[in-house]
Each structure stands twice: as C-alpha cells, then as structure tokens.
Amino acid sequence: MAEQHKKGLNAQLIWNDLENCCLQETNCGQCKKEACIIGFAKKCVSDYMKAPKKEVEGGADNIPITDFKVFDEPELEAAIAHILKECKDCKEDHTEDCIINVIRNCYEVGLFGDIHSYEGSVFQYLMYLNSEFPDKSARIAQLYKS
C-alpha cells in the first residue's frame, strides 16, 4: 500500500518529538542509527518526508525491541500523545505497518519496555494503557486532550 494518509501526517511535529527524545551521542555513546528505537523512527519519518506513504514496508517487524536505553519519560509521554493526535482512528482498517503505528510502537518500547496492542482506536488504546499503566496513561491522556 503506497497510499498517503487521508489527512496527511504532521511529520515536522513527529520529527521534533523524536529530536526531543533522542539521547544524542553525548549521553548514548556512538549513534546506533536504526538499531535504536528513536533512530529507527527517525528513518521512518525521514523516508516519509521524501515520499509520503501510509505504511512502512516491514516496519513493525523491524522495530529494534531490544533497545534498552533509558529515555526521558515525559518526552516519550508527550510524543505518544502527539502521535495519537495524528492517528486517523481507522479501526478495522488499522495496519501494523502504518507509519503512525510503527512510530508509536517505538515510543512504547522506550516508555513501557515493549510494544502494546492497538486496535485502530485512540480511545480503546488509552483505556488499555489506563488499566496497565495508570500513572503514565493519565499523563498521556492529559497531554492528548490539551
């Protein structure tokens, strides 16, 4: 599927969030590029900026889920809230390789340590997070509403 999102994607907002989440080489050592969750998400957004496509080919399967760096939680919470605002609430049309899903999954690895189920509904996702991570989900929901 090479189609664009119907409402587009605020790639600059997502890029800024990724920059805010990135630990930079001074904190991280040598940059691992796509082997890092933030580096992988940056590559996805960079590719999107060059050729906007709804899906990242093989994106969900290539997320570096073994990236165990400690990221700044408030930055990741804000990034998740922003990416949720970009979600098109596609429900049954949701795909795992959707660029929004892939980037959200990267943030999840950094914040929660793993990828979590998403059924194409922001509301359902926030309810799920509330049951599993009440403190973090409250901050994400508050940022999402603002």
Side-chain angles (χ1 to χ4, degrees), residues 4-5 7-91 94-146:
Q4 287 187 1
H5 275 291
K7 295 182 187 174
L9 174 71
N10 187 342
Q12 190 60 55
L13 172 70
I14 304 309
W15 184 263
N16 293 343
D17 284 340
L18 290 166
E19 284 291 310
N20 291 338
C21 291
C22 183
L23 297 174
Q24 307 298 324
E25 288 191 36
T26 54
N27 295 314
C28 217
Q30 183 181 7
C31 181
K32 302 288 185 195
K33 302 204 185 306
E34 289 91 23
C36 163
I37 56 168
I38 300 303
F40 181 77
K42 279 181 166 183
K43 170 96 169 78
C44 294
V45 172
S46 177
D47 290 350
Y48 179 88
M49 289 177 178
K50 293 174 192 165
K53 294 180 184 159
K54 181 178 177 179
E55 295 192 4
V56 177
E57 190 174 330
D61 291 335
N62 291 311
I63 295 169
I65 58 174
T66 57
D67 183 11
F68 296 117
K69 289 190 283 303
V70 177
F71 293 91
D72 184 72
E73 287 190 7
E75 292 292 348
L76 286 170
E77 290 165 352
I80 288 175
H82 290 159
I83 200 73
L84 289 175
K85 286 182 180 183
E86 294 298 308
C87 179
K88 310 307 177 219
D89 269 335
C90 55
K91 297 179 182 44
H94 169 75
T95 64
E96 291 301 309
D97 287 337
C98 167
I99 187 167
I100 294 169
N101 189 67
V102 170
I103 293 168
R104 194 196 68 261
N105 287 164
C106 290
Y107 294 147
E108 289 172 340
V109 171
L111 186 60
F112 306 118
D114 204 358
I115 292 171
H116 295 278
S117 177
Y118 191 82
E119 302 298 325
S121 165
V122 172
F123 179 74
Q124 284 180 318
Y125 179 73
L126 289 172
M127 295 300 293
Y128 166 77
L129 288 184
N130 186 52
S131 69
E132 297 295 317
F133 310 97
D135 293 341
K136 292 175 184 174
S137 73
R139 289 188 295 271
I140 292 168
Q142 181 179 11
L143 291 165
Y144 176 77
K145 292 177 192 174
S146 64

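Since the structure is predicted, the reported quantities are computational estimates derived from the model, not experimental observations.
Atom CE of M127 is surrounded by 12 or fewer heavy atoms from other residues, nucleotides or ligands within 6.0 Å.
Between N101 and N105, the side chains place a donor N or O and an acceptor N or O closer than 3.5 Å (distance only, hydrogens not considered).
Annotation for F40 and N62: closest pair CE1-O, 3.6 Å, computed over non-hydrogen atoms. The heavy-atom pair separating A11 from M49 by the smallest distance is O-CE, 3.6 Å. Contact record, P64 with A35: CB-O, 3.3 Å, taken as the closest heavy-atom pair. For C21 against I38, the heavy-atom pair with the smallest separation is CB-CD1, 3.7 Å. Taking all atoms of both residues into account, the shortest heavy-atom contact from I63 to V102 is CD1-O, 3.8 Å. Taking all atoms of both residues into account, the shortest heavy-atom contact from E55 to T95 is OE2-OG1, 3.0 Å.
Between the CG atom in L9 and the CD1 atom in I103 there is a gap of 6.0 Å [rounded to 0.5 Å]. Distance CD1/I14 to SG/C44: 12.0 Å, rounded to 0.5 Å. Distance check: K69 NZ to I37 CD1 gives 7.0 Å after rounding to the nearest 0.5 Å. For the atom pair CG (L18) and CD (E75), the distance works out to 11.0 Å, reported to the nearest 0.5 Å.
I140 has its side chain out of reach of F133: every pair of non-hydrogen atoms, C-beta onward, lies at least 4.5 Å apart. For the pair V56/D47, no side-chain contact is recorded, criterion being any heavy-atom separation below 4.5 Å from C-beta on. The closest side-chain heavy-atom distance from L84 to I80 is below 4.5 Å. At a threshold of 4.5 Å between non-hydrogen side-chain atoms, the residues L23 and F71 count as touching. Put simply, the side chain of N10 does not reach to within 4.5 Å of the side chain of K85, judged on heavy atoms.
Annotation: salt bridge (Lys or Arg N to Asp or Glu O under 4.0 Å) contacts involving residues 14-27, sequence neighbours excluded, comprise E19-K42. Legend: salt bridge (Lys or Arg N to Asp or Glu O under 4.0 Å) pairs involving residues 118-146, not counting sequence neighbours, sorted by first then second residue: E73-K136, E77-R139. For residues 103-113, the salt bridge (Lys or Arg N to Asp or Glu O under 4.0 Å) pairs, not counting sequence neighbours, are R104-E108.
Using a distance-only test at 3.5 Å, with no hydrogens or angles considered, no donor-acceptor pair links the side chain of D97 to the main chain of E57. The backbone N or O of V122 sits less than 3.5 Å from a side-chain atom of D89, completing a donor-acceptor pair.
Partner of Y118 under the ring pair (Phe, Tyr, Trp, His ring centres under 6.0 Å) criterion, out of Y128, F123, Y107, Y125: Y125 alone.
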